[in-house]
Amino acid sequence: MVKIARWDHDGGTQSGFVEGDECFALPAGTTVGTLLEAGLAETLRLAEKTIRTAPAVPLGDVTLLAPLVPATIRDFVAFEEHVEGVRKSIDGVAGVVPEWYEAPTFYFTNPHTVTGTGTVVGIPAGCDALDFETEVAAVVGRVPGSDGSNLSAVEAHDHIFGYTVLNDWSARDLQRREMKVSLGPCKGKDFANTLGPWIVTADEFEDRHDAEGFLPISLAVEVNGKAIGQDLLSNMGWPFAELVAYASQDSVVRPGDVLGSGTCGSGCLAELWGRNGSRTPPPLTTGDVVRMTVEGIGTIENTVGTRREAVTRVAARTRPRNRTVASASASPAGRA
């Protein structure tokens, strides 16, 4: 299994490969971004060489970072069960809107607030309903001869460099207000997302896909050691190759792009709030520990920090809707 990671060690950030309980750093100046640009085949060759020749550093001696600095993050909503539960929680309406079945839907989230496993994630200002979202993310790499645009599902499959675990942290009360404007979410989401613990290269999963291209691997989440939810990635409405292909239509996917699956069934609190008719289990609070495990990839764990106390909303000012600018009277100072 080839696992690609970034870590801090002896005051410096390094990129490389993890095998067993040891880390093997790439040469100075070579990053995970370099590997994504090189493509999967070249990366596998480099991994074999690096693990054979580079000095080993114990995994326990390093601090893992997010495994890449994403170029973009598209987050889909690909699990029907999740959509059903969250719609009941946010809108109080049962069922799934017909439009969900017609095509995949995603939003762009913030690549600048990515954290790694072990990071303390603070509660954003004004939030009283902090939640997590249990996901798998596909990472895009370069395919020789492809510009990443208007891909078929077969072509898109080859652009999937590897997979990592994604926690799309969510401030549900902020999100609920924002989405009433029929846009967003924005501040309900952009304060943090966690990727990690590493990228597992896509070749490790080739023999796991079913006949339709789905991956029947398990996702699970627990809070403070108590199991909250579990699902199979194969319960997505679309396999990852179709999501990548859809993202590329009349657009482009590039090395370093991250595409999230969306929350798996029972993979967040809001979905359970909708099904239970109350906020049970309760929203996350300071000191809670969220642990996500995906079969074949690994585990990420984060502790919830304190809430930033600030007022961040800026109310709109009602404007008169003038269509022309009133002429200003000539002032005495302006006369010749």
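Nothing here was measured: the structure is a model prediction, and the numbers come from that model.
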With [X] via side chain to side chain contact (heavy atoms under 4.5 Å, CB included) - residues at least two apart:
X      : value
Thr286 : Ile123, Thr306
Arg45  : Ala41, Glu42
Ala192 : Val121, Trp169
Lys49  : Arg52, Thr53

Test: ring-ring contact (aromatic ring centres under 6.0 Å, His included). Region: residues 52-93. Which pairs qualify, not counting sequence neighbours?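 Passing the test, one end in residues 52-93: Phe76-Phe106.
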Got a sec, which pairs hit ring-ring contact (aromatic ring centres under 6.0 Å, His included) with one end in residues 20-51, sequence neighbours left out? none
Examine distances only and state if a side-chain atom of [X] and a backbone atom of [Y] form a donor-acceptor pair shorter than 3.5 Å.
X      : Y      : result
Arg87  : Ala94  : yes
Asn302 : Gly116 : yes
Thr280 : Pro282 : no

Go through the side-chain N and O atoms of Asp203 and Thr201 and say whether any donor and acceptor fall under 3.5 Å apart. yes
Could you verify whether a donor N or O on one side chain and an acceptor N or O on the other, from Ser251 and Ser248, lie under 3.5 Å apart? no
Using a strict cut-off of less than 4.0 Å between a Lys/Arg side-chain nitrogen and an Asp/Glu carboxylate oxygen, indicate whether [X] and [Y] qualify as a salt bridge.
X      : Y      : answer
Glu178 : Arg176 : no
Arg172 : Asp128 : no
Glu295 : Arg208 : yes
Glu271 : Arg275 : yes

Tell me, do Leu232 and Leu219 make a side-chain contact under 4.5 Å, heavy atoms counted?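 No, their side chains stay 4.5 Å or more apart.
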With side-chain hydrogen bond (donor to acceptor under 3.5 Å, both in side chains) as the test, pick out the partner of Lys189 among Asn110, Thr109, Asp168.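 Exactly one option meets the side-chain hydrogen bond (donor to acceptor under 3.5 Å, both in side chains) with Lys189, and it is Asp168.
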Not counting sequence neighbours, which residues clear side chain to side chain donor-acceptor pair (under 3.5 Å) with [X]? List them please.
X      : value
Thr263 : Glu133
Arg142 : Glu37
Asn224 : Asp288
Ser266 : none

What's the spacing between [X] [atom1] and [Y] [atom2] if we round to 0.5 Å?
X      : Y      : atom1 : atom2 : answer
Ile297 : Ile199 : CD1   : CD1   : 10.5 Å
Thr164 : Lys3   : OG1   : NZ    : 11.5 Å
Tyr107 : Met179 : OH    : CE    : 9.5 Å
Thr194 : Glu135 : OG1   : CD    : 11.0 Å
Thr134 : Gln230 : OG1   : CD    : 10.5 Å
Leu243 : Arg74  : CG    : CZ    : 11.0 Å

With sequence neighbours excluded, tell me which residues meet ring-ring contact (aromatic ring centres under 6.0 Å, His included) with Tyr163.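 ring-ring contact (aromatic ring centres under 6.0 Å, His included) check on Tyr163 returns Phe205, Phe240.
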Once ring-ring contact (aromatic ring centres under 6.0 Å, His included) is applied, do any residues pair with His209, and if so which ones, sequence neighbours excluded? His157
